[in-house]
Amino acid sequence: MRTVLAITNQKGGVGKTTTAINLGAALAALEKRVLLVDCDPQGNATRGLGVEPAPPHLYHVLSGQVPIAEAIRESGFPNLRLVPAGRDLVGVEVEFVGLDGWQYRLRKALASVDAELDVILLDCPPSLGHLTVLALAAAERVVVPMQCEYFALEGISALVETLGRVRGGFNPRLALGGILLTMHDERTNLSREVSDEVRRHFGSRVFETVVPRNVRLAEAPSHGQPILQYDIKSRGAEAYLALARELLGRAA
């Protein structure tokens with residue numbers, strides 16, 4: 001069965017796009033057929049996979065100009081494909097205001113995508129605007145990357161409240177798939193304290209896998225490659241492979 005996962009956190013700089021790219025590649029390496037949809041007008045996931053944000057991209061799909069099949073690109077990594085984002089996508093925040101059923105446009109577009117796909121990943125912008133709402137309306141589960149810093153705790157609480165409102169409003173099937181601790185530095189007390197606090201509060205909803213601070217992981221996007229392609233022996237690559245296995249295990 002195909003599953004749709006939104007990678008989201010209302011706080012920026014927590015590793016959402018890094019997670020979307022590298023979880024997608026790790027799932028693809030485990031022989032899952034993956035589609036990554038870049039829902040952020042900044043297009044970081046698009047560039048991070050070395051794809052040019054030329055039309056048609058997600059904006060043209062959401063505005064009804066082309067079917068989603070025409071916007072799908074190969075990523076250069078086996079089993080991983082991409083629907084890119086471009087700057088035009090910011091127009092969604094203005095153009096969709098007042099349109100009936102606008103929040104279901106991405107869900108409807110994904111319903112027509114290749115039935116052989118196993119996983120669809122939605123990389124959300126760092127805000128609760130129209131684009132994030134579109135992704136949450138289309139998703140079945142949410143993966144929440146969370147940086148191991150103090151202020152991230154407050155952001156997680158706000159996001160959980162948001163998920164509750166989305167469930168009650170227009171997507172009752174939406175569930176919290178898991179919280180992922182990112183940029184973890186085992187040498188610092190702060191990382192350990194934040195990790196312990198999150199696990200105390202959210203229990204089994206926190207992934208066992210922790211993504212460490214890793215120079216190679218930070219370098220990979222500038223080369224337009226996921227970490228498994230850039231440096232498969234790095235700690236970052238090991239972490240995302242472990243996360244993919246854990247995610248599949250939870251689904252099973």
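In this chain, numbering begins with 1 at the start of the sequence shown.
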Parallel, tilted or perpendicular: rings of F96 and W102 (30°, 60°)
tilted
L49 and I21, any side-chain heavy atoms less than 4.5 Å apart
yes
With hydrophobic residues grouped by side-chain heavy-atom distances under 4.5 Å, do L190 and M183 end up in a single group?
no
Side chain proximity check, E246 to E208, heavy atoms < 4.5 angstrom:
yes
Heavy atoms of A139 and N171 approach each other most closely as O-ND2, 2.9 Å
Hey, does E140 have a side-chain heavy atom less than 4.5 Å from the side chain of L5?
no
Test your reading of the model: is there a side-chain donor-acceptor pair from R235 to the backbone of N214, 3.5 Å cut-off?
no
Does one hydrophobic cluster hold both V211 and V215, with members joined at side-chain heavy-atom distances below 4.5 Å?
no
Between atom CG of L30 and atom CG of N79, what is the distance when rounded to the nearest 0.5 Å?
10.0 Å
Looking at every non-hydrogen atom in both residues, tell me the closest pair between A135 and A6 and how far apart they are.
O-CB, 4.5 Å
From D88 atom CG to Q65 atom CD, the distance as rounded to the nearest 0.5 Å
8.5 Å
Side chain of R47, backbone of S222: donor and acceptor closer than 3.5 Å?
no
Using side-chain heavy atoms (C-beta onward) and a distance below 4.5 Å, is C39 in contact with L58?
yes
Pairwise side-chain contact, L136 with L163, heavy-atom cut-off 4.5 Å (strictly under):
yes
Any donor-acceptor N or O pair under 3.5 Å, side chains S127, Q10:
no
Return the set of residues passing side chain to side chain contact (heavy atoms under 4.5 Å, CB included) with A138 (not counting sequence neighbours), or none when no residue passes.
L106, R107, L110, L122
Decide whether a cation-pi geometry holds between R87 and Y59; the criteria are a distance under 6.0 Å from NZ or CZ to the six-membered ring centre and an angle within 45° of the ring axis.
no
Under the criterion side chain to side chain contact (heavy atoms under 4.5 Å, CB included), which of L243, L241, L247, L248 is the partner of R245?
L241
Regarding D38 and T46, do their side chains bring together a donor and an acceptor under 3.5 Å, going by distance alone?
yes
Donor-acceptor contact below 3.5 Å, side chain R73 vs main chain E52:
yes
Mind checking the CD1-CG spacing from I7 to D40? Nearest 0.5 Å is all I need.
13.5 Å
How close do L117 and V34 get, counting heavy atoms only, and between which atoms?
CD2-C, 4.0 Å
Rounded to the nearest 0.5 Å, how far apart are CD1 of I68 and CD of E70?
11.5 Å
Student check: side-chain heavy atoms of P126 and K16 closer than 4.5 Å
yes
Polar contact flag, side-chain donor to acceptor under 3.5 angstrom, T17-D123
yes
For the student: nearest non-hydrogen atoms of A20 and L36, plus distance
CB-CD1, 3.8 Å
Using the rule that two of Ile, Leu, Val, Met, Phe, Trp, Tyr join whenever any of their side-chain heavy atoms come within less than 4.5 Å, decide whether V113 and V83 are in one cluster.
yes
Which is it for L131 and L134 under the side chain to side chain contact (heavy atoms under 4.5 Å, CB included) test, yes or no, and what are the steps along the way?
CA-CA 5 Å; L131 288 162; L134 281 161; 4.3 Å; yes
Could you tell me whether the side chain of H201 and the main chain of V198 form a donor-acceptor pair under 3.5 Å?
no
Is any NZ, NE, NH1 or NH2 atom of the basic residue among R200 and E197 found under 4.0 Å from an Asp or Glu carboxylate oxygen of the other?
yes
Would the distance check show the side chain of N22 and the main-chain N or O of I227 forming a donor-acceptor pair, the cut-off being under 3.5 Å?
yes
Would Y230 and H223 count as a close aromatic pair, with their ring centres under 6.0 Å?
yes
Hey, is D231 close enough to R216 for a salt bridge, meaning N to O under 4.0 Å?
yes
Could you please spell out the steps behind the side chain to side chain contact (heavy atoms under 4.5 Å, CB included) verdict for L174 and V142?
CA-CA 7 Å; L174 185 66; V142 174; 3.6 Å; yes
Can you tell me how far CG of D185 sits from CD of Q147, rounded to the nearest 0.5 angstrom?
11.0 Å
With heavy-atom distances below 4.5 Å as the criterion, would you say the side chains of T182 and R213 are in contact?
no
Considering all heavy atoms, the nearest A28-P78 contact:
CB-O, 3.3 Å
For the student: nearest non-hydrogen atoms of P84 and L82, plus distance
CD-O, 3.6 Å
Could you walk me through whether L89 and L62 satisfy the side chain to side chain contact (heavy atoms under 4.5 Å, CB included) test, starting with their C-alpha distance in whole Å, then the side-chain angles of each, then the deciding distance to 0.1 Å, before giving a yes or no?
CA-CA 9 Å; L89 195 55; L62 295 175; 4.0 Å; yes
Interatomic spacing from CG in L121 to CG in L27 - rounded to 0.5 Å
6.5 Å
Count I, L, V, M, F, W, Y as connected when their side-chain heavy atoms are under 4.5 Å apart, and connections chain through other members. Are V61 and V94 then in the same cluster?
no
In one Ile/Leu/Val/Met/Phe/Trp/Tyr side-chain cluster, 4.5 Å: I179, V14:
no
Is a donor from one side chain sitting under 3.5 angstrom from an acceptor on the other, for S195 and R192?
no
Given the rule in the side chain to side chain contact (heavy atoms under 4.5 Å, CB included) test, do L35 and V119 qualify, once you have shown the distances and angles that lead to the verdict?
CA-CA 6 Å; L35 177 65; V119 183; over 6 Å; no
Spell out, as yes or no, whether a donor-acceptor pair under 3.5 Å connects the side chain of E93 to the backbone of H130.
yes
Pairing donors with acceptors under 3.5 angstrom, does anything connect the side chains of Y240 and T19?
yes
